[in-house]
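Note that the coordinates shown come from a computational prediction; the quantities given were computed from them, not determined experimentally. Indexing begins at 1, ligand by ligand and atom by atom, following the structure's order.
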Amino acid sequence: MAKRIDVKDLNLFYGKFHAVDRVTLSVPPRNVTAFIGPSGCGKSTVLRSLNRMHEVIPGARAEGEVLLDGEDIYASAVDPVSVRRTIGMVFQRPNPFPTMSIRDNVVAGLKLAGMRDKKKLDEVAERALRGANLWAEVKDRLNKPGGGLSGGQQQRLCIARAIAVQPDVLLMDEPCSALDPISTLAIEDLITELKKDYTIVIVTHNMQQAARVSDQTAFFNLLGVGQPGRLIEIDDTEKIFSNPSEKATEDYISGRFG
Ligand SMILES: Nc1ncnc2c1ncn2[C@@H]1O[C@H](COP(=O)(O)OP(=O)(O)OP(=O)(O)O)[C@@H](O)[C@H]1O
Ligand SMILES: [Mg+2]
C-alpha cells in the first residue's frame with residue numbers, strides 16, 4: 001500500500017512522434033501530485049506510462065525507468081497486467097459497466113482474478129464503497145445497474161472499483177471534468193481521504209483543484225508545434241502557486257499563457 005514512485009529519464013513515443021521528453025520526478029507515498037499544463041503537453045501520456053497503459057496503444061513506446069518502491073515496472077521480468085492491478089486508474093468520463101450491478105462493478109476485478117466466495121466479495125464491495133464515500137447512497141440498491149447512478153456517483157463507483165483490488169497507487173486523469181461542482185467537491189474530499197492509504201497522481205485543468213487537493217504540482221509545457229512535451233518544474237503546490245521558479249509556470253498559472 002502507498003508506494004513511492006520514481007520516474008527517471010522517461011521518454012514517450014507514439015510511433016516516430018516523440019511526445020514527451022526526459023521526465024524525471026518522484027512522488028512520495030501518501031502524497032497527492034497534480035499534473036498541470038496546456039492541452040497536448042503530455043500529461044495523460046505520462047500518467048498512462050506510470051502503470052504501463054501507454055504501451056497498450058499500437059506503436060506507443062516508453063524509454064526510461066518508472067520505479068515503484070525501487071522496482072522498475074518496465075523490467076523485462078515484470079508482468080504489465082500485475083502492474084495495472086497495483087497501480088489503478090480512474091478516467092475522465094466515469095466508465096462503469098452500465099448494465100452490471102453496482103456490487104458487481106466494484107468487485108469485477110476480483111472476480112476476474114478468480115475470487116468466487118460470495119461473502120468475501122460482499123465484504124470487499126462494502127469496504128470499497130465506504131472507501132469511495134458512496135456506501136450510504138447505494139447500500140439499498142447494490143443489485144441495480146451501475147449505469148443508473150448520477151455522473152458523480154458513477155465516478156465514485158469507478159473509484160470504488162479501483163480501490164477494491166487494494167492498489168498501491170491511484171492515477172486519475174481529469175476525474176472531475178465531467179462532473180458538476182458539488183460532485184467535484186465530493187471527489188476532492190475523497191481524494192484527501194484516500195491520500196491516507198494511497199499514493200495519488202491526478203491530472204487536472206482546474207488550477208483551484210490542483211491547489212486544493214495536491215501536495216506537489218508538476219507543470220508540463222510544450223515549447224512548440226511538433227516538439228515533445230517537457231516537465232518544466234515540480235515543487236510543493238504552495239510554492240508553484242505562489243512563487244514558481246520558472247517564468248513559464250508563472251505565466252501559465254496566472255493565465256498569461258498562449
Ligand atoms: N493515441 C495516440 N496516438 C498518437 N498520438 C497521441 C496519442 N495520444 C496522444 N498523442 C499525442 O501525444 C501528445 C500528448 O498528448 P496527451 O494526451 O498526453 O496530452 P495532454 O497533456 O493529456 O492533453 P489534454 O490536456 O488535452 O488532455 C499530443 O501531441 C497528442 O496528440
Ligand atoms: Mg489528457
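For Phe220, no heavy-atom contact with ligand 1 is shorter than 4.0 Å.
The hydrophobic cluster containing Met1 also contains Leu190, counting ILVMFWY residues as joined when their side-chain heavy atoms lie under 4.5 angstrom apart, directly or transitively.
The distance from ligand 1 to the heavy atoms of Glu174 drops below 4.0 Å at these ligand atoms: 27 (O). The contact set between ligand 1 and His205, taken as ligand atoms under 4.0 Å from a residue heavy atom, comprises 24 (P), 25 (O).
Of the listed options Gly42, Ser44, Gly37, Ser44 places a heavy atom closest to atom 22 (O) of ligand 1. The residue among Val225, Val203, Ile57 with a heavy atom at the shortest distance from atom 1 (N) of ligand 1 is Ile57. Nearest to atom 2 (C) of ligand 1 by heavy atom, out of Phe13, Tyr14, Phe35, Phe17, is Tyr14.
Looking at atom 26 (O) of ligand 1, its nearest protein heavy atom turns out to be Ser39 OG, 2.5 Å. Nearest protein heavy-atom neighbour of atom 13 (C) of ligand 1: Gly40 O, 3.7 Å. The protein non-hydrogen atom at the shortest distance from atom 15 (O) of ligand 1 is Thr45 OG1, 3.6 Å.
Using a 4.0 Å cut-off between charged nitrogen and carboxylate oxygen, Glu71 and Lys3 do not count as a salt-bridge pair. Here Asp6 pairs with Arg4 in a salt bridge; the nearest charged N to carboxylate O distance falls below 4.0 Å.
Within the 4.0 Å heavy-atom cutoff, Gly229 does not count among the residues contacting ligand 1. Contact annotation: Gln92 has no heavy atom less than 4.0 Å from any atom of ligand 1.
Sparse packing is recorded around CD of Glu238, with 12 or fewer heavy atoms of other residues, nucleotides or ligands lying under 6.0 Å away.
The protein does not reach atom 31 (O) of ligand 1 closely, with no heavy atom under 4.0 angstrom from it. Atom 28 (C) of ligand 1 is approached by the protein to below 4.0 angstrom, counting heavy atoms only.
Glu246 contributes no side-chain N or O that, together with a main-chain N or O of Ile232, makes up a donor-acceptor pair within less than 3.5 Å.
Residues Tyr74 and Glu63 are not in side-chain contact: their nearest non-hydrogen atoms beyond the backbone lie 4.5 Å or more apart. With a 4.5 Å cut-off on side-chain heavy atoms, Glu193 and Asn133 do not count as touching.
For Lys239 and Ser245, the side-chain atoms include at least one donor-acceptor pair closer than 3.5 Å.
Looking at every heavy atom in both residues, Thr237 comes nearest to Ser214 through OG1-OG, 2.7 Å.
Checked by distance only, ligand 1 and Ala19 stay at 3.5 Å or farther apart across all their nitrogen or oxygen atoms.
Checking Ser44 against the Mg ion (ligand 2), an N/O/S atom falls under the 2.8 Å cut-off.
For Tyr14 and His54, the gap between ring centers is short of 6.0 Å.
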